[in-house]
Amino acid sequence: QVQLVESGGGLVQAGGSLTLSCKASGRALSTYAMGWFRQAPGKEREFVAAISFSGKTARYADSVKGRFTISRDNARNTVALQMNSLKPEDTAVYYCAADLWGSATVGPSNYEYWGQGTQVMVSS
């Protein structure tokens, strides 16, 4: 079992930055691809970014490409999502997820473990 806990959400003005962190416990993250997803009110959960277990592959949704960066620190069992140039449409609950031996896929069904989420609100 892998337990994931997100942190770092909050309220920020448009154009600002936030860094989300996902801390894992229970197992080492080094064999898991990690993904970030988000869900806005009334919308389905959507892919944001993912990084393969090796760290060699990263994928981003078109809506965040060039603004968000995903990174991992296997020694600390953490994954981060650096979010810059935030827009009001980035407002959502952000979830991290783990996929054993994954290759940074975009489909949420590929991920076995999920955190509880952290709220990000971007004001205009």
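All residue numbers in this chain count up from 1 along the given sequence.
In this structure a side-chain-to-backbone donor-acceptor pair under 3.5 Å is missing from Arg59 to Ser52. Listed for the Lys43 side chain is no donor-acceptor partner under 3.5 Å among the backbone atoms of Arg38. Side chain of Tyr95 to main chain of Glu6: no donor-acceptor pair is present (N/O by atom type, distance under 3.5 Å, no hydrogens or angles).
Considering only heavy atoms from C-beta on, Val5 stays 4.5 Å or farther from Gln116 through its side chain. Side chains of Thr91 and Gln119 form a contact here, defined as non-hydrogen atoms less than 4.5 Å apart. Residues Phe53 and Leu29 have side chains not in contact (no heavy-atom distance under 4.5 Å, counting atoms from C-beta outward).
Shown here for Ser85 and Ser17, the closest heavy-atom pair between the two residues is N-OG, 4.3 Å. Residues Ala33 and Ala104 come closest through the heavy atom pair CB-N, 3.7 Å. Across all their heavy atoms, Met34 and Ala98 have their closest contact at SD-CB, 3.6 Å. Pairing each heavy atom of Cys22 with each of Trp36, the nearest pair is CB-CZ2, 3.7 Å. Considering all non-hydrogen atoms of both residues, Ala14 and Ser124 come closest at CB-CA, 4.3 Å. Closest non-hydrogen pair, Leu4 versus Ala24, comes out as CD2-CB, 3.7 Å.
Linking Ile, Leu, Val, Met, Phe, Trp and Tyr residues whenever their side-chain heavy atoms come within less than 4.5 Å places Leu86 and Ile70 in a single cluster. No continuous path of hydrophobic side-chain contacts links Met83 to Phe37 [ILVMFWY only; heavy atoms under 4.5 Å]. Val12 and Val48 end up in the same hydrophobic cluster when Ile, Leu, Val, Met, Phe, Trp and Tyr side chains are linked at under 4.5 Å. Both Trp114 and Phe47 belong to a common hydrophobic cluster when Ile, Leu, Val, Met, Phe, Trp and Tyr are linked at side-chain heavy-atom distances under 4.5 angstrom. Linking ILVMFWY side-chain heavy atoms closer than 4.5 Å, directly or via other members, places Val106 and Trp101 in two distinct hydrophobic clusters.
Checked by atom type, the side-chain pair Gln13/Ser123 shows no donor-acceptor distance below 3.5 Å.
From Leu20, atom CG reaches atom OG1 of Thr78 across 12.5 Å, with rounding to the nearest 0.5 Å. The CG atom of Leu18 sits 9.0 Å away from atom OG1 of Thr118, with the distance rounded to the nearest 0.5 Å. The line from CG of Leu81 to CZ of Arg72 is 13.5 Å long, rounded to the nearest 0.5 Å. The CG atom of Leu100 lies 7.5 Å from the OH atom of Tyr113; values are rounded to the nearest 0.5 Å.
No more than 12 heavy atoms of other residues, nucleotides or ligands sit less than 6.0 Å from atom NZ of Lys56. Annotation: Glu112, atom CD; neighbour count of heavy atoms from other residues, nucleotides and ligands within 6.0 Å is above 12.
By the 4.0 Å N-to-carboxylate-O rule, Asp90 lies too far from Lys87 to be salt-bridged with it.
By the 6.0 Å and 45° rule, Arg27 does not stack over the aromatic ring of Tyr32.
Classification of the Phe68-Tyr94 ring pair by plane angle, with boundaries at 30° and 60°, yields tilted.
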